[in-house]
> 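Got a structure for you, questions after.
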Amino acid sequence: MPLLEVSALRVSYGGVVAVHDVSLSVERGEIVCLLGANGAGKSSTLMAISGVLPDREGTVTFDGRELARVASHEIARLGLVQVPEGRRVFPEMTVAENLQIGGIRAPSAQVRTQRMERSYEMFPRLLERRDQLAGSLSGGEQQMLAVARALMSDPALVMLDEPSLGLSPALVEATFDTVRQVREAGLGVLLVEQNAGEALEVSDRAYVMENGRVVLSGPASQIRNDPQVKSAYLGL
Amino acid sequence: MTTQATTSPAPRRVRPRRRPSLGIIVGIAVLAALALAPLTGSRHSLGIWTVALIFAGVSSGWAIAGGLSGLIPLGHAAFFGIGGYASAVVFAKYDLSPWLGIVVGMVIAAALAWLMTVLAVRFKVRGPYFALYTLAWAEMLRILASNLDYLGKTNGVLVPYKVDAGPADLQFSDPRGFYLVAVGYAALAMIVFLLVKRSPLGWRLSAIRGDEPTAAASGVDVARSLTRTMALSAAMTAIGGGLYAQYIQYIDPELAFNVSVSIDIAVRAILGGAVLVLGPLLGSVAMTSVTELTQKYMDALPSASLLVLGLAIIALAHWFPTGIGGLGVRLKRIWSRRSDRV
């Protein structure tokens, strides 16, 4: 059974349907990306999964559990965590405090400290910056911190919303390296991206959305060679 | 990157932000000075500063919610008034210690704040709407108190003098007695504020203040953090209301629940700096000083104090958005930078 299974998801905003009948799944140790143009319904799908949007139909099953009536902070505790779009770190808190917030549901202070040390091992740059205010970090470092903060809850699945948005090409590269590291740690990753070229390179499988529907899905290598995807998203 | 992970464990350092801050040291010094102040000065000024200190405590209570959580409650007169009425009624009608009345007021205020916040969270009332929403609650209580026979309608409740009264009745033959109670309350409110700010709840609140959806997505229980904070803030505010009613030996719907009371409570904290432990005390001292000085020297202009305060708030909001306390923080930073260089 997949770690995350979404079936027949439908999301509407005050009667306007943004997502129609979307089904997708993510396994452990797998990067799955959700591609599509602006307004295709990618972020709505993500927000519906993490329980931020109440107006949804269909089922979302995570680790064998139906998430229909679970509050968003509880979903984080079950092991499904979202890194929101736009590198949303807490700017007036230090790097270390941001990580502590991510580990707020840790069973004990010792476990939290262990996880912080693990974060610093994974991202040595954050150790150098631990006492700096998060708002003073560079864009790439903030993205790194947002991912590290998400990992502090010891999740089984991480959902990343446009992690490369607004970053320079070198930082985009670094961000996708971060995503690979997350997979190497055995976690599932659901990646929402407009940067289709980079996303398809790191992903195992991909779904392409258009106007709120999934129009194409399959192994990333196959999607990359699809003539329609090539012309519409990869500019080839 | 893998070599780095295997060779050296992350070095440990003491958490830098937990040291006793300059703010606490200054706070203790200011409170000690205030405790000794009545040795000089007139009876009249003692009365003014007793009230100023009660309001410093009330504003510190407000700042627990208004400063730390990012909510803007503008109806703390509700909790202030509940404290006032509870202590007056318990003493005047049941002949029990007003201290007990204050405890009753704290419980009722906390319960009301809990209910208010649960509803606000459920219906997503935030920002300016939360301010208006809390203000409406205080108004409801004002109208209720004005119409209840039990609470003396618009006449309010009188706190009677008691023969051979003692500290248990909150009546003192020496006015310095009540002054010291006010110092103690202001100190207590500041300590509670500081404990909340530095507790796990405090950093949950600072995350919520920074970015609420992200805090929730990280596993912060926003609803529970906010309801607890508001309940605590209301209880601390109710103590001040109870002391105030006992001090002036009287409470009525306007003194308790008027909109101007809510605004006064919030402005004192904002003026001084609502996220700083010393802020409400500084703001309260500043506001009382301005009021007294303008009344003394500008008595031809009856509302001069409001004019001066208004200008002061505009100036602070422009140059020091973190209040008078923020000015101190900035000076401290300049000072430490200079001493680093030497």
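To find a chain, count down the sequence lines: A is the first, B the second, and so on, and within it residues start at 1. As a basis for the values below, the full set of heavy atoms in this structure was taken, side chains included, without hydrogen atoms, waters or symmetry mates.
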> For the pair A:Arg118 and A:Glu121, find out whether any cationic side-chain nitrogen is under 4.0 Å from an anionic carboxylate oxygen.
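A:Glu121 and A:Arg118: not salt-bridged.
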> Over all heavy atoms of both residues, which pair between B:Ala269 and B:Ala63 is shortest? Give the atoms and the distance, please.
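Heavy atoms of B:Ala269 and B:Ala63 come nearest at CB-CB, 4.4 Å.
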> Just do the side-chain hydrogen bond (donor to acceptor under 3.5 Å, both in side chains) check on B:Thr214 and A:Arg88 with the steps written out, would you?
CA-CA 7 Å; B:Thr214 304; A:Arg88 305 232 314 236; 3.3 Å; yes
> With a 4.5 angstrom heavy-atom cut-off, is it the side chain or the backbone of A:Arg149 that approaches chain B, or both, or neither?
side chain
> Select, from B:Pro213, B:Pro200, B:Ala207, the one with the greatest count of heavy-atom pairs under 4.5 Å involving chain A.
B:Ala207
> Counting neighbours of CZ on B:Arg209 that are heavy atoms of other residues, nucleotides or ligands and sit closer than 6.0 Å, is the number greater than 12?
yes
> Name, in order of residue number, those residues of residues 67-74 of chain B that have a heavy atom at a distance of less than 4.5 Å from a heavy atom in chain A; otherwise write 'none'.
none
> Could you go step by step and tell me if A:Ser25 and A:Tyr207 meet the side-chain contact (heavy atoms from CB on, under 4.5 Å) rule?
CA-CA 10 Å; A:Ser25 65; A:Tyr207 295 85; 3.8 Å; yes
> What side-chain donor-acceptor pairs closer than 3.5 Å can you find for residues 310-322 of chain B, not counting sequence neighbours?
none

> Take atom CZ of A:Arg115 as the centre, draw a 6.0 Å sphere, and report whether it contains more than 12 heavy atoms from other residues, nucleotides or ligands.
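Counting other residues, nucleotides and ligands, CZ of A:Arg115 exceeds 12 neighbours.
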> Distance from A:Ser44 atom OG to A:Ile49 atom CD1, nearest 0.5 Å?
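CD1 of A:Ile49 is found 11.0 Å from OG of A:Ser44.
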> Name the region of B:Ala215, side chain, backbone, both or neither, that has any atom closer than 4.5 Å to a heavy atom of chain A.
both
> What residue in B:Ala223, B:Gly210, B:Ser206 has the most heavy-atom pairs under 4.5 Å with chain A?
B:Ser206
